[in-house]
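Following this message is one structure expressed as structure tokens.
Computed from a prediction, not measured in an experiment: that's the story for all the values here.
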Amino acid sequence: MKQWNGDLFSPRMIMDSDFSSSGGHVVSASEPDFGFAFDDSNFSDRVLKIEIIADLPEAKSDGDGCNSIADWARNRKRRREDIKKENVVDVLMHREEQILNCHMPDTEDGIAYETQDEEAVAMIEESPPDDVLNMNQLGDEASQSNDSSWNMDSSTVLRVKTIHISSPILAAKSPFFYKLFSNGMRESEQRHVTLRIYASEEAALMELLNFMYSNTLSTTMPSALLDVLMAADKFEVASCMRYCSRLLRNLPMTSESALLYLDLPSTVLMAEAVQPLTDAAKQFLAGRYKDITKFQEEVLNLPLAGIEAVLSSDDLQVASEDAVYDFVLKWARTHYPNLDERREIIGTRLGRLIRFPYMTCRKLKKVLTCNDLDAELASRVVLEALFFRAEAPYRQRSLAAEEANVSYRRFVERAYKYRPVKVVEFELPRQQCVVYLDLKREECAHLFPAGRVYSQAFHLGGQGFFLSAHCNMDQQSSFHCFGLFLGMQEKRSVTFAVDYEFAARSKPTEEYVSKYKGNYTFTGGKAVGYRNLFGIRWTAFMAEDCLYFINGILHLKAELTIRQ
């Protein structure tokens with residue numbers, strides 16, 4: 001016999017091998033199967049009577065027409081709008097039986113319906129009135145039930161189901177039932193327990209009860225799995241939450257379903273058992289909208305949870321972090337037209353998605369005067385960005401490594417279309433700037449045979465410039481080589497005379513060594529440079545013993561001076 005060594009209520013990792021197929025059902029093979037004892041009086045010590053009452057007007061049963069997640073979401077929204085109830089459980093104690101009124105939380109589009117962290121349970125005995133027990137006596141905080149829960153008490157019962165239950169089995173699976181059956185009060189010894197639910201919750205509850213015995217679900221419909229997940233959260237059945245989460249994760253993901261998973265009630269989202277599902281939803285959205293310029297309108301219409309998932313990705317395909325900043329402002333202005341609300345959402349949620357250390361200095365200056373950001377926040381993020389840039393490269397790598405396992409990574413560089421540069425500017429005695437561009441060995445390898453990579457823009461004398469690294473053919477010898485070019489952004493009719501010098505760090509001294517000097521009178525959109533910067537073939541440039549890669553990094557420097 002397989003020995004079960006799982007701790008009571010403890011979370012555990014579910015592996016692929018934990019699931020097997022049996023009779024068309026998906027079964028968790030790592031837990032003991034007590035399915036033979038379900039609703040069997042010979043193996044039960046209590047009787048559970050389920051009183052099913054009608055849903056409030058227009059709140060259809062989840063099983064009625066919900067064949068997809070979209071149907072489920074629309075139905076949940078309708079029920080949320082009509083019922084407008086709190087996530088509470090009322091337990092009414094009578095002389096001969098317990099009555100539990102229970103309804104599951106709902107969601108509405110774009111908003112996670114936050115339920116109270118501690119579910120309220122009012123336990124009332126008919127007499128005397130001082131024998132009122134609350135959730136504190138069950139181990140949780142109590143809170144006052146609202147009017148809708150009391151309306152539920154007086155609702156007409158449509159039908160009643162009676163099930164024989166084993167309190168040890170339910171208590172082993174659920175802290176809720178464990179506290180209910182072991183609180184030491186007289187009601188914990190009652191044989192009959194009555195549970196009152198809405199008709200829309202019946203199917204999910206029966207699936208949950210069956211799972212607590214057999215570790216099996218008979219349904220694989222996504223809408224039904226979500227209902228069971230909500231019921232499992234309500235009754236704190238972590239093993240069932242993990243199970244539902246796993247099944248949902250194995251279903252084909254869509255933008256619609258991913259957003260719905262991220263918009264589940266807060267109690268569900270915070271559960272450790274659901275984290276793999278929400279992580280998968282975030283990864284799907286990040287991959288789906290990787291190129292936000294291609295899907296700009298779709299991304300602008302995403303709710304807050306969706307935009308957070310997309311902009312948290314390291315693989316976001318954007319020109320630069322400046323573009324992320326501009327996009328965050330555009331999204332916030334679209335969804336939060338009120339300035340105070342916009343400042344609040346940027347300060348608490350969206351601001352941490354922007355990696356300010358990789359923004360250009362010109363854009364950081366605009367951050368300081370941006371009305372959409374709180375002044376204190378703007379000053380703090382700009383100072384943090386500047387201090388990061390002033391750090392030594394090894395310290396920058398260390399700060400980035402410290403963020404490897406966190407959700408919001410300020411110091412990790414994304415895969416920008418335009419590579420970040422460091423710029424030192426001088427006004428006197430002449431207008432001059434020194435630009436540093438670092439390229440990884442793998443970035444250079446991807447340039448072969450005819451690729452190119454561009455730097456972020458930098459400015460000198462009010463004009464925008466950029467560097468571009470190329471893999472091209474040497475004109476004289478007809479072999480591939482590494483080239484570096486300097487271009488001017490503006491395409492208007494303007495001329496600009498510049499002296500420039502290209503340099504690169506080289507072993508063994510690791511100092512910058514000048515590779516090319518020149519001067520050029522730029523007109524809008526023109527570029528100048530050297531096709532074979534190092535005077536060697538591409539194969540020699542990419543060789544392991546190449547003098548110009550130091551710890552896998554090619555360090556380039558361009559010095560620009562305005563000619564008088």
Side-chain angles (χ1 to χ4, degrees), residues 320 360-362 389-390 392-393 418-441 443-444 447 451-477 480-490 494-538 540-542 546-564:
S320 66
T360 63
C361 288
R362 286 171 68 90
R389 292 183 178 193
Y418 301 136
R419 305 298 300 138
V421 292
K422 297 178 182 178
V423 184
V424 180
E425 298 182 43
F426 301 93
E427 289 292 332
L428 296 172
R430 292 186 297 171
Q431 283 188 303
Q432 185 181 38
C433 72
V434 182
V435 184
Y436 298 89
L437 171 65
D438 293 345
L439 297 175
K440 299 176 183 177
R441 181 186 288 271
E443 290 177 311
C444 294
L447 296 178
R452 59 186 64 186
V453 61
Y454 295 94
S455 78
Q456 292 180 357
F458 53 91
H459 290 78
L460 176 66
Q463 300 297 320
F465 290 87
F466 62 90
L467 295 174
S468 62
H470 295 221
C471 175
N472 39 228
M473 296 291 291
D474 182 273
Q475 288 181 320
Q476 295 180 347
S477 306
H480 289 93
C481 52
F482 180 87
L484 186 63
F485 294 83
L486 170 68
M488 190 170 78
Q489 278 190 320
E490 286 76 2
V494 60
T495 59
F496 214 72
V498 174
D499 294 327
Y500 64 94
E501 178 180 3
F502 294 154
R505 287 190 189 273
S506 177
K507 298 175 184 177
T509 64
E510 299 184 351
E511 299 292 333
Y512 280 101
V513 177
S514 178
K515 289 297 176 183
Y516 187 75
K517 290 184 179 180
N519 56 71
Y520 190 73
T521 300
F522 284 92
T523 57
K526 298 294 183 180
V528 66
Y530 199 60
R531 295 181 65 85
N532 191 353
L533 183 67
F534 300 112
I536 58 177
R537 294 174 178 267
W538 184 264
F541 168 68
M542 291 302 302
C546 177
L547 300 178
Y548 302 108
F549 284 100
I550 302 173
N551 296 323
I553 303 294
L554 175 66
H555 301 271
L556 302 172
K557 181 178 74 169
E559 186 173 319
L560 284 68
T561 305
I562 295 179
R563 294 172 61 187
Q564 300 299 321

Exercise. If we only count heavy atoms from C-beta on, is the Cys444 to Leu554 side-chain gap below 4.5 Å?
Worked result: yes
Exercise. Hey, would you say the Phe534 and Tyr548 ring centroids sit under 6.0 Å apart?
Worked result: yes
For this session: Would you give the length of the straight line joining atom OH of Tyr500 to atom CG of Leu484, rounded to the nearest 0.5 angstrom?
Result: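 One finds 10.0 Å between OH of Tyr500 and CG of Leu484.
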Exercise. So, do Asn472 and Cys481 sit near enough that their side-chain heavy atoms are less than 4.5 Å apart?
Worked result: yes
For this session: Check whether any side-chain heavy atom of Phe458 sits under 4.5 Å from a side-chain heavy atom of Arg362, and report yes or no.
Result: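 Counting from C-beta outward, Phe458 and Arg362 never come under 4.5 Å.
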Exercise. What's the verdict on side chain to side chain contact (heavy atoms under 4.5 Å, CB included) for Arg452 and Phe485, showing C-alpha distance, side-chain angles and the deciding distance?
Worked result: CA-CA 10 Å; Arg452 59 186 64 186; Phe485 294 83; over 6 Å; no
Exercise. For the residue pair Phe502 and Gly529, what are the closest heavy atoms and their distance?
Worked result: CE1-CA, 4.0 Å
Problem set entry | Closest approach of Ile562 to Gly461 (non-hydrogen atoms, all atoms of both residues) | CD1-CA, 3.8 Å
Exercise. Is there side-chain contact between Leu486 and Val435, with at least one heavy-atom pair below 4.5 Å?
Worked result: no
Problem set entry | Separation of Leu437 CG from Lys422 NZ (nearest 0.5 Å) |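 So the gap between those two atoms works out to 11.0 Å.
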For this session: Heavy atoms only: give me the nearest Ala504-Lys515 pair and the separation to one decimal.
Result: N-CG, 4.5 Å
Exercise. If you take all heavy atoms of Cys546 and Ala540, which pair is closest and at what distance?
Worked result: CB-O, 3.8 Å
Exercise. At what distance, to the nearest 0.5 angstrom, does CG of Asp474 lie from CZ of Arg531?
Worked result: 7.5 Å
Exercise. How would you list all residue pairs meeting salt bridge (charged side-chain N to carboxylate O under 4.0 Å, His left out) that involve residues 551-564, not counting sequence neighbours?
Worked result: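 Sorted result for residues 551-564: Asp499-Arg563.
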Exercise. When you look at NZ of Lys440, are more than 12 heavy atoms from neighbouring residues, nucleotides or ligands closer to it than 6.0 Å?
Worked result: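 Atom NZ in Lys440 is not crowded, with 12 or fewer foreign heavy atoms closer than 6.0 Å.
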Problem set entry | Pairwise distance OG1(Thr495) to NZ(Lys526) - rounded to 0.5 angstrom |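 Nearest 0.5 Å value for the OG1-NZ distance: 13.5 Å.
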Exercise. How far apart are the closest heavy atoms of Ser514 and Ala503, and which atoms are they?
Worked result: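 Looks like CA-CB, 3.9 Å.
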For this session: With sequence neighbours excluded, tell me which residues meet side chain to side chain donor-acceptor pair (under 3.5 Å) with Ser320.
Result: none
For this session: State, with a plain yes or no, whether a side-chain heavy atom of Cys433 is found less than 4.5 Å away from one of Phe465.
Result: no
For this session: With side chain to side chain contact (heavy atoms under 4.5 Å, CB included) as the test, would you mind laying out the steps for Ile550 and Lys507 before giving the verdict?
Result: CA-CA 7 Å; Ile550 302 173; Lys507 298 175 184 177; 4.3 Å; yes
For this session: Taking the side chain as every heavy atom from C-beta outward, state whether Val528 and Phe522 have any atom pair closer than 4.5 Å.
Result: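 Counting from C-beta outward, Val528 and Phe522 do come under 4.5 Å.
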For this session: Would you please test Phe466 and Val421 for side chain to side chain contact (heavy atoms under 4.5 Å, CB included) and show each step?
Result: CA-CA 10 Å; Phe466 62 90; Val421 292; over 6 Å; no
Exercise. Do Tyr436 and Val434 have side chains that get closer than 4.5 Å, going by heavy atoms?
Worked result: yes
Exercise. Within a strict 4.5 Å, meaning less than it, do heavy atoms of the Phe549 and Met542 side chains meet?
Worked result: yes
Problem set entry | CD on Gln431 to CG on Leu560, rounded to 0.5 Å |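 It comes to 12.0 Å.
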For this session: Using a cut-off of 6.0 Å, state whether more than 12 heavy atoms not belonging to Tyr530 lie near its atom OH.
Result: no
Problem set entry | From Asn532 atom CG to Phe482 atom CZ, the distance as rounded to the nearest 0.5 Å |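 Those atoms lie 10.5 Å apart.
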For this session: Would you check, one step at a time, whether the test side chain to side chain contact (heavy atoms under 4.5 Å, CB included) holds for Leu439 with Val453?
Result: CA-CA 9 Å; Leu439 297 175; Val453 61; 4.2 Å; yes
